[in-house]
Amino acid sequence: MTRFSLLLADADNTLLDFDAAERAAFFDLCGQLGFQADEAAFALYRRINKNHWDLLHGGQTTSARLRVARFEDFAAEVGLAGADGRHMSDLFVAALGQHNLLMAGAERFVKRVSRHMPVCIVTNSFAAVQQARFAHSPLRPYLTELFISENFAHAKPHPEMIITAMERQGITDKARVVMIGDNEDTDIAAAENAGIQSIIFTGGGPAPAATRATLIAQTLEEAGDWILDEQ
């Protein structure tokens, strides 16, 4: 018998290489706008974007407002006169949906675990983006369901998506559920708030100094070994 009956997995920078996708989509967007972007412009966009996501996680904004406001702020910073934040957002979301590169070992990990239990995505993101990215992903045949924050009242670290996923899979024993993700403040905090175990995935880097995760995994293979009790 495996350690768990349900795996809940974050998407970006856990299974999907969001950093690469975000960079590609940003430069796609700038090309469509005729704006000569460079790495400094991308770094500026990422800082602005993070600020807006922090506001969302703190309940101080909405997904709909975030989508537009980040591009309005970016356009103002770089002097893109007359730029339409909503149009920029639509172009960016469409571009982002076309990029679905995987993290190392992601396909093997999901395929392996899915032989023993349902694997569901629990992600803070926009529905159009993640649905497009997963629609053509080699991971999709092994995933039971996608839970995307835009379709819910609350994003992680609120436990709403985790609780809903458990209900949909008919699992009431919290000890049989585990969440894997790369973010201490959203993924691991959401798991803690839901009362389930968690894995912080570092991708080979260091774990947060005071992680609340049950397990620290540098690779997805290591995470799979522990989930399936095959260490």
Side-chain angles (χ1 to χ4, degrees), residues 9-101 103 121-135 137 146-162 164 181-190 193 208:
D10 176 51
D12 294 327
N13 292 332
T14 301
L15 300 180
L16 303 179
D17 189 339
F18 180 77
D19 290 344
E22 181 185 42
R23 186 182 188 282
F26 174 79
F27 282 96
D28 286 350
L29 165 66
C30 291
Q32 292 181 71
L33 296 174
F35 174 67
Q36 191 67 37
D38 55 17
E39 293 300 329
F42 179 51
L44 172 64
Y45 164 75
R46 292 196 73 185
R47 288 196 298 273
I48 292 171
N49 184 52
K50 182 180 184 302
N51 288 340
H52 283 283
W53 277 102
D54 287 346
L55 291 173
L56 179 67
H57 296 154
Q60 297 170 276
T61 190
T62 64
S63 292
R65 180 59 187 151
L66 181 156
R67 289 179 70 151
V68 177
R70 56 184 175 174
F71 290 106
E72 291 176 339
D73 290 353
F74 174 76
E77 285 283 345
V78 299
L80 270 173
D84 182 334
R86 188 170 300 281
H87 178 59
M88 292 175 69
S89 174
D90 289 345
L91 291 176
F92 179 77
V93 167
L96 193 57
Q98 302 305 307
H99 298 284
N100 61 357
L101 294 174
M103 298 295 286
I121 297 297
V122 176
T123 176
N124 283 358
S125 189
F126 301 119
V129 171
Q130 296 298 45
Q131 287 167 355
R133 296 176 76 203
F134 278 106
S137 170
L146 307 181
F147 297 91
I148 306 171
S149 62
E150 189 178 29
N151 296 330
F152 289 82
H154 304 284
K156 295 175 294 185
H158 194 282
E160 180 185 14
M161 287 190 287
I162 291 175
T164 302
D182 68 300
N183 192 300
E184 181 76 19
D185 297 328
T186 55
D187 304 315
I188 306 308
N193 291 337

_Please determine whether side-chain contact (heavy atoms from CB on, under 4.5 Å) holds for the pair Leu56 and His52, giving the CA-CA distance in whole Å, both sets of side-chain angles, and the decisive distance to 0.1 Å._
CA-CA 6 Å; Leu56 179 67; His52 283 283; over 6 Å; no
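- The minimum heavy-atom distance linking Phe26 with Ala37 is given by the pair CE2-CB, 3.9 Å.
- Using a 4.5 Å heavy-atom threshold, the side chains of Asp12 and Gln130 count as touching.
- Between Trp53 and His57, the two ring planes are tilted [angle within 30° to 60°].
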*Verify salt bridge (Lys or Arg N to Asp or Glu O under 4.0 Å) between Asp54 and Lys50, making sure each step is shown before the conclusion.*
CA-CA 6 Å; Asp54 287 346; Lys50 182 180 184 302; 2.9 Å; yes
*Would you please test Glu39 and Arg46 for salt bridge (Lys or Arg N to Asp or Glu O under 4.0 Å) and show each step?*
CA-CA 10 Å; Glu39 293 300 329; Arg46 292 196 73 185; over 6 Å; no
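- Within the 4.5 Å cutoff, the side chain of Asn51 has no heavy atoms near those of the Asp73 side chain.
- Looking only at side-chain heavy atoms (C-beta outward), Leu146 and Thr123 stay at 4.5 Å or farther from each other.
- The environment of CD in Gln36 is sparse: at most 12 heavy-atom neighbours from other residues, nucleotides or ligands sit within 6.0 Å.
- Ring centroids of Phe92 and Phe126 are separated by 6.0 Å or more, keeping the two rings apart.
- For the atom pair CG (Asp182) and CD1 (Ile188), the distance works out to 8.5 Å, reported to the nearest 0.5 Å.
- Side-chain contact between Thr62 and Leu66 is absent, with no heavy-atom pair separated by less than 4.5 Å.
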